[in-house]
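Have a look at the structure below before the remarks.
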Amino acid sequence: MELLWVKKAEYLDGYKLSLVFNDGKRRIFDFSSLLDSDEELYGPLKDMSVFKSFALDGWTVTWNEGRIDIAPEYLFEHGIPA
């Protein structure tokens, strides 16, 4: 598999983002399943204002000034093709 990174991210609704990767493929990723998986790490994202304040760091989607991120490969593999 070629090295992947997120080139573009847009908020959709709920805890879903539309992601465009460097290979041009697009995925819809629903983060709601992660919010309960690791409360210490992802718990802050339950606050919708925090979730919507994501950024791109040149590699992946991040929150809280880069303190929360998720590997782009995970987003790609577990996202729904769009």
Side-chain angles (χ1 to χ4, degrees):
M1 177 188 246
E2 119 182 24
L3 189 62
L4 288 172
W5 64 87
V6 180
K7 288 183 64 173
K8 184 177 179 183
E10 294 178 359
Y11 174 76
L12 294 176
D13 60 32
Y15 292 102
K16 295 178 187 170
L17 295 181
S18 171
L19 306 170
V20 179
F21 293 83
N22 61 303
D23 64 358
K25 294 180 181 169
R26 185 174 164 210
R27 298 284 192 267
I28 305 297
F29 191 88
D30 186 349
F31 289 82
S32 59
S33 64
L34 293 177
L35 301 183
D36 292 323
S37 67
D38 187 336
E39 183 69 30
E40 186 174 335
L41 178 60
Y42 300 118
L45 300 182
K46 288 181 179 181
D47 179 335
M48 190 55 70
S49 65
V50 173
F51 181 78
K52 289 181 178 180
S53 68
F54 63 88
L56 295 178
D57 67 357
W59 181 250
T60 193
V61 182
T62 68
W63 292 267
N64 285 351
E65 298 174 1
R67 290 187 296 268
I68 301 172
D69 66 10
I70 300 171
E73 297 86 1
Y74 184 89
L75 298 172
F76 186 87
E77 291 171 15
H78 297 278
I80 298 168

(request) Can you measure from CG (Asp30) to CG (Leu17) and round to the nearest 0.5 angstrom? (result) 9.5 Å

(message) Please list all pairs meeting salt bridge (Lys or Arg N to Asp or Glu O under 4.0 Å) that have one or both residues in residues 53-65, counting only residues at least two apart or in different chains.
(response) Glu65-Arg67

(request) Could you give me the CA-CA distance, side-chain angles and deciding distance for Ile68 and Thr62, then say whether side chain to side chain contact (heavy atoms under 4.5 Å, CB included) is met? (result) CA-CA 5 Å; Ile68 301 172; Thr62 68; over 6 Å; no

(request) Only counting residues at least two apart or in another chain, list the ones meeting side chain to side chain donor-acceptor pair (under 3.5 Å) with Asp23. (result) none

(request) Determine the minimum heavy-atom distance between Pro44 and Asn64, stating which atoms define it. (result) CB-ND2, 3.9 Å

(message) Restricting to side-chain contact (heavy atoms from CB on, under 4.5 Å), what partner residues turn up for Ala82, sequence neighbours left out?
(response) Arg26, Ile28

(request) Would you sort out whether Val6 and Phe76 count as a side chain to side chain contact (heavy atoms under 4.5 Å, CB included), showing the intermediate values? (result) CA-CA 9 Å; Val6 180; Phe76 186 87; over 6 Å; no

(message) Using the side-chain contact (heavy atoms from CB on, under 4.5 Å) criterion, which residues pair with Ser33? Sequence neighbours excluded.
(response) none

Show the atom names and distances, to 0.1 Å, of all donor-acceptor pairs under 3.5 Å that link a side chain in residues 45-54 to residues at least two apart or in another chain.
residue, atom, partner, partner atom, Å
Lys46, NZ, Asp36, OD1, 2.9
Lys46, NZ, Glu39, OE1, 2.9
Asp47, OD1, Ser49, N, 2.9
Asp47, OD1, Ser49, OG, 2.7
Ser53, OG, Val50, O, 2.7

(message) For Leu19 and Val61: C-alpha separation, side-chain torsions, deciding distance, then whether side chain to side chain contact (heavy atoms under 4.5 Å, CB included) applies.
(response) CA-CA 9 Å; Leu19 306 170; Val61 182; 3.8 Å; yes

(message) Hydrophobic clusters here meaning ILVMFWY residues chained together by side-chain heavy-atom distances under 4.5 Å, can you tell me if Tyr15 and Leu41 are in one?
(response) yes

(request) Please name all residues satisfying salt bridge (charged side-chain N to carboxylate O under 4.0 Å, His left out) with Glu40, sequence neighbours left out, ordered by chain then number. (result) none

(request) Output all residues satisfying side-chain contact (heavy atoms from CB on, under 4.5 Å) with Leu34, sequence neighbours left out; order by chain, then residue number. (result) Phe29, Phe31, Ser37, Tyr42, Ile70, Tyr74

(message) Test of understanding: with side-chain contact (heavy atoms from CB on, under 4.5 Å), list the residues that count as partners of Asn22, not counting sequence neighbours.
(response) Glu2, Leu4, Trp5, Lys7

